[in-house]
Structures are given as C-alpha cells and as structure tokens.
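Counting starts at 1 for both ligands and their atoms, following the listed order. FYI, the numbering just counts along the sequence from 1. The model shown is predicted, which means the values in this text are computed figures rather than measured ones.
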Amino acid sequence: MRHYDFVVIGSGPAGRRAAVQAAKIQKSVLVVEKGRRVGGVSVHTGTIPSKTLRETVLNLSGWRERGFYGRGYRVKKDITSDDLLKRLHMTLNHEVEILEHQFARNKVDTIMGMARFVDANTIEVTDDEDVVTHFTADRFLLAVGTKPYRPTHIPFDGENVVDSDEILNLKNLPRSIAIVGAGVIGTEYATIFSALDVKVTLIDPTDTLLPFVDRELIDEFVHDLRDRGMTLRLCCKAENVEVDSSGCTIHLDGGRVVRSDMVLFAAGRMGATASLNLDAVGLETDSRGRLMVDKSSFQTNVSHIYAAGDVIGFPSLASTSMEQGRIAACHAFGVAAHEPPEFFPYGIYAVPEMSMIGVTEKEARERGIAYEVGVARFRETSRGHIMGIECGFMKMLFALDTRRLLGVHIVGEGATELIHIGQAVLNLGGTLDYFVENTFNYPTLAEGYKIAALDAWNRMPKDLPETVQGETAEDDDEVAEGSVTDLNSKLRQAL
Ligand SMILES: Cc1cc2nc3c(=O)[nH]c(=O)nc-3n(C[C@H](O)[C@H](O)[C@H](O)COP(=O)(O)OP(=O)(O)OC[C@H]3O[C@@H](n4cnc5c(N)ncnc54)[C@H](O)[C@@H]3O)c2cc1C
C-alpha cells in the first residue's frame, strides 16, 4: 500500500491548487479524481464550459456589434449546437492538457477512480473497471465539490429536461427554454440562450434575481432582459414538469403554466460527499452534503482532514476555491499562508455581465456607514461610443468621512475584468483621490472609474471654488480631459 504526505480527493480548482502547493514544498502528493480526466466541475461542466459557450454565442451571434448594426445583425445565420460544442471541446482539451502538465511538472501523482475512506488514514480508490487500490496518507484534503440538485419530482431525461451538467450535451438548439432557478447559473444560461434568440422563461420562487447584488445593477439588468423579450416568472414555484411529443409543460404553483421545448433545472447544488464514507472518519455534513471547516485554516473537526472549495459552501467560486486549497495545503504542512483580504470580486457572466467587490448600498446602510455614490454610464465614455455600447454602468461607494473606497458594482461589457482595478484600490485602502488624480488610458471603459469618482466627489460635502462645484457625471469628461491638473490642485486644497 503506497503512503503519501498528502492525498487530495477531487481535481477541481481547490484540489489542484492544494496539490501543487504541497508539491512545491516537497511533499509527496496524490490526487484522486473520479471523472475521466482531471479538472473538476470547473473545467468539465461548470466555469470553463459555460464561459466558453457564452463567448462562442457572443461571437457567432454578433451580439457585441448589435448596438451599431441593429438587433437583426448576425455573424452566423444558423447557429447550431455543433457550432457551440466544437469550440467547447477544443477549450476543454486545452485546459485539461495544461492541468495534466502542471501535475506532471510538479510531480503530483494522479489516479482516476472513486475515493472513499476506510479509516482515518486510509482510502480505497475504485476505478471504472472495479479495480480497488488502497492508499494511506498523513493529511487529506476533501475537494470533492458539488453536483446538481435533482429533486425527484422533476423528470430529468437528459434531453428535454436537463440539469446544468447535461445542458452541455445539447443535441439541437431549442426554440424555447424554461429555466428553473434564477441563481447565478440559471441566470447566466438564461441570458446566453436569449442572446441566441431562443425564447427564454426564467422561473424562481423568490421575488427578485440575485439578492446579493446591488439593486440598481439588478434593475438595469432586469430591464435589459425584459427589453429583449425574456419572460420572468418570479414568486413562482415549479411544481411539476410534463414532457410529451410537443415539448415540456411546467406547472407553477398558483395554476400558471409555462410551455417550452426544453427545461433546464438549475435550482441548487449538493456537496458531493455521499460516497466518501465519512462515518469512517467521524465527519458529518449538513443537509446539503456540505462540510464545516475552520474558515482560516480549512481544517475540519478531524484535524488531519481539510476541506476546501464548493464542498464547504459559500462563496462557491472557482476563484475562491483555488485560494482555499492553497491555504489548506500551507496550513497542513506548517507553512505560513496569508489569509486573503476580506473583499474578493464576484463575477456573474450573464449577458450583460456583472461584477462587484466590497459593500453594497444596503450593506453600508446596515453597517451605519455614511457614504456617497458616484456613477459612470459606459455610453458616456468614448470607448463606449466606439464599441456601440448602449447599456451598462459602474457605481462606486465612498465613505463620507475618510473618502475611502467601500465598493464597486459594475454591470455591462468588461465588468468582470474592470472590477480588478477597484479590487486593488479597495484592498489597499485607497480613496477617491486615487481615481481623481491618476491618468487612465483613453479611450477605455476603465475611464469609468474616473468619471464615477468625479461624480461622487461632486456630490460630497466640501468647500470648493465655484467653478468646480455642481459638475455632473455628464460634465466629467470635460473636467477630466480639459483641466486635470487644475482640478487636482483644487481637490488637494479642498480635501
Ligand atoms: C454552470 C457553472 C458555472 C460556473 N461559473 C463560474 C464562474 O464563472 N466563475 C467561478 O469562479 N466559478 C464558477 N462556477 C463555480 C465553480 O465551478 C466551482 O466553484 C468550482 O469548480 C469548485 O471547485 P472545487 O475544487 O470545489 O471542486 P469541483 O470543481 O467541483 O471538482 C470536484 C471534483 O471532485 C471529484 N470528486 C467528487 N467526489 C469524488 C470522490 N469520491 N472521489 C474522487 N473524486 C471525486 C469530482 O469528480 C470533481 O472532478 C460555476 C459552476 C457551475 C456549475
């Protein structure tokens, strides 16, 4: 029986980062993966496939050009599921190859098969041909992730009624699709299909989309969805789905009915812990199969067993999972690891995309922080004009007393990239001055930071020379371009 310093179960972002980190500090590492290839949900059914699909749809549909050429504009007229899947497979293959190479380079061993505990230091791995191998280890990381929640009242058949894994096996593009669950995954897929001109109905029992997102962003987002013909059935629970030769019928509570060619059920995910035989090591999960850990070390109640990634719940992002894996591996082998800063970015790759970091207005009010807001609309930037952008904006919150940046919220083109400027300033404790005093490339959407900061500055209480007071966001281009030095010196005097 082979012994390792560290056995990692699951090869998604958390497992991968933990394994490489442990290998870098000269530990012997084994990664066990039950899928056919390494990469986890992130590479095979989650992050990368959905983002590749999104990119393909935006490119082939000509979505980004429609601001100029009209809603009827298409790059490719008849987009088929083959068009979508071809690029998907190329991207996934490339991702897996990079990952396999990374493991090989770092001398991380891998074995394909289902892992389960035999006792506190032993696992057995069963491969596709039922061959069982045993391994022992000093430390373990459970990075098993999640799988789609599949309630028994939904008649999943892999073709007409699918979950978010099965949607990637799409044989034909439906003319209409009903999506049950308006969380991040449901909303992303709803907007991707809508960009393909598929008729979409989004169903959710709550009364709003994505409650953790700033309300102004959601208002803009929902307006955009309705404007392009998406139907939202909020406050509606899907009670039952019937499938016949003419398509699917979804019965909602309250008696309403939705008809569609296809149903995507994307209402929640469960921790993939059921097959681990956790009883053998004395670990318990919550009702959704998730594990509890100490949030600074990622240690479970059993001190040599760590857990990281989606299996420990919120925020369930590939980005945060990687960091958790790295910190867990460092802690397991006594290496100091800095805890990540309090604020991390959240990206929602819908069409249009959204991203945010820091506090929302609601949170600022709840925490009793006095703040001011600045807004920049992308259509007010030169880059926005060049790109034909009609919607989208950036909103920044600043503390009134210290002028420190409290939060950035962006909806629209490039949101998930742009957010990192705000992230750097926020986590380094920067203030409004940073944005006002620095020069941004022109023309860029990032210029929105300066415009939004000036917008906030104009609203903030101060004793300023008449000429600068009362500027509005619309005036800010002129202020920023025409008299930056002048403005900065006035600002320095005033602040
Ligand atoms: C549709 C979708 C879109 C997403 N989009 C984004 C996004 O845009 N950005 C983002 O940051 N995040 C996104 N996520 C979330 C992201 O995919 C997850 O946060 C991330 O994959 C979690 O990583 P993980 O390491 O916890 O495990 P996972 O990636 O879930 O991988 C776990 C692995 O463990 C394996 N495993 C499970 N049990 C066993 C066992 N007993 N033995 C051996 N192997 C086992 C599984 O086969 C799997 O390969 C998305 C998720 C979905 C579903």
| request: Indicate, with yes or no, if the rings of H3 and F135 have centres closer together than 6.0 Å. | output: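 No, the ring centres sit 6.0 Å or more apart.
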Heavy-atom contacts under 4.0 Å between [X] and ligand 1: side chain, backbone, both, or neither?
| X | answer |
| --- | --- |
| V184 | neither |
| S50 | side chain |
| I185 | side chain |
| H44 | neither |
| S316 | backbone |
| S321 | side chain |
| T146 | backbone |

| said: Does the structure place the NZ or CZ of R2 under 6.0 Å from the centre of the six-membered ring of Y4, at an angle of no more than 45° from the ring's axis? | reply: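 Output yes; distance and angle both within limits.
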| atom 2 (C) of ligand 1: which of G183, A266, G46 has the nearest heavy atom? |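 When every heavy atom of G183, A266, G46 is considered, G46 comes closest to atom 2 (C) of ligand 1.
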Which residue and non-hydrogen atom of the protein lie closest to [atom], and at what distance in Å?
| atom | result |
| --- | --- |
| atom 10 (C) of ligand 1 | A318 N, 3.4 Å |
| atom 18 (C) of ligand 1 | D310 OD2, 3.1 Å |
| atom 17 (O) of ligand 1 | T47 OG1, 2.9 Å |
| atom 47 (O) of ligand 1 | E33 OE2, 2.6 Å |
| atom 23 (O) of ligand 1 | P13 CD, 3.1 Å |
| atom 42 (N) of ligand 1 | A115 N, 2.9 Å |
| atom 34 (O) of ligand 1 | G10 CA, 3.2 Å |
| atom 45 (C) of ligand 1 | K34 CG, 3.7 Å |

May I ask you to decide whether [X] forms a salt bridge with [Y], counting only side-chain N to carboxylate O separations under 4.0 Å?
| X | Y | result |
| --- | --- | --- |
| D5 | R139 | no |
| E361 | R215 | no |
| E447 | R383 | no |
| E55 | R64 | yes |

Could you tell me which non-hydrogen atom of [X] sits nearest to which non-hydrogen atom of [Y], and how far apart they are?
| X | Y | answer |
| --- | --- | --- |
| H409 | V359 | NE2-O, 2.8 Å |
| F344 | T320 | CD1-CG2, 3.7 Å |
| Y346 | P315 | OH-O, 3.7 Å |
| F117 | D119 | CD2-O, 3.6 Å |
| V96 | V43 | CG2-CG1, 3.8 Å |
| H44 | V38 | NE2-O, 2.8 Å |

Please indicate whether any nitrogen or oxygen in [X] is less than 3.5 Å from any nitrogen or oxygen in ligand 1.
| X | result |
| --- | --- |
| S164 | no |
| A14 | yes |
| G347 | no |

| message | Within the structure, is a non-hydrogen atom of R269 found at a distance of less than 4.0 Å from ligand 1? | response | yes
| request: Would you check whether S275 reaches within less than 4.0 Å of ligand 1, judged by its heavy atoms? | output: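 Right, S275 reaches ligand 1.
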| said: Apply side chain to side chain contact (heavy atoms under 4.5 Å, CB included) to residues T110 and L30 and explain how you reach the verdict. | reply: CA-CA 5 Å; T110 53; L30 173 71; 5.7 Å; no
Taking only heavy atoms of [X], which atoms of ligand 1 are found under 4.0 Å from at least one of them?
| X | result |
| --- | --- |
| S319 | 11 (O) |
| I9 | 40 (C), 42 (N), 43 (C) |
| K51 | 3 (C), 4 (C), 5 (N), 6 (C), 7 (C), 8 (O) |
| V32 | 43 (C), 44 (N) |
| G113 | 42 (N), 43 (C) |
| A143 | 27 (O), 32 (C), 33 (C), 34 (O) |
| G309 | 26 (O) |
| M114 | 40 (C), 41 (N), 42 (N) |

| field | Of V8, D109, V20, the residue whose pairing with V29 passes side-chain contact (heavy atoms from CB on, under 4.5 Å) | value |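 The passing option is V8.
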| Does one side chain, of R116 or S275, offer a donor that lies under 3.5 Å from an acceptor on the other? | no
| query | Between R269 and S316, do the side chains contain an N or O donor and an N or O acceptor separated by less than 3.5 Å? | reply |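 S316 and R269 do not have a side-chain donor-acceptor pair below 3.5 Å.
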| said: Using side chain to side chain contact (heavy atoms under 4.5 Å, CB included), reason through L58 and R54 one step at a time and then give a plain yes or no. | reply: CA-CA 6 Å; L58 294 186; R54 177 184 190 272; 3.6 Å; yes
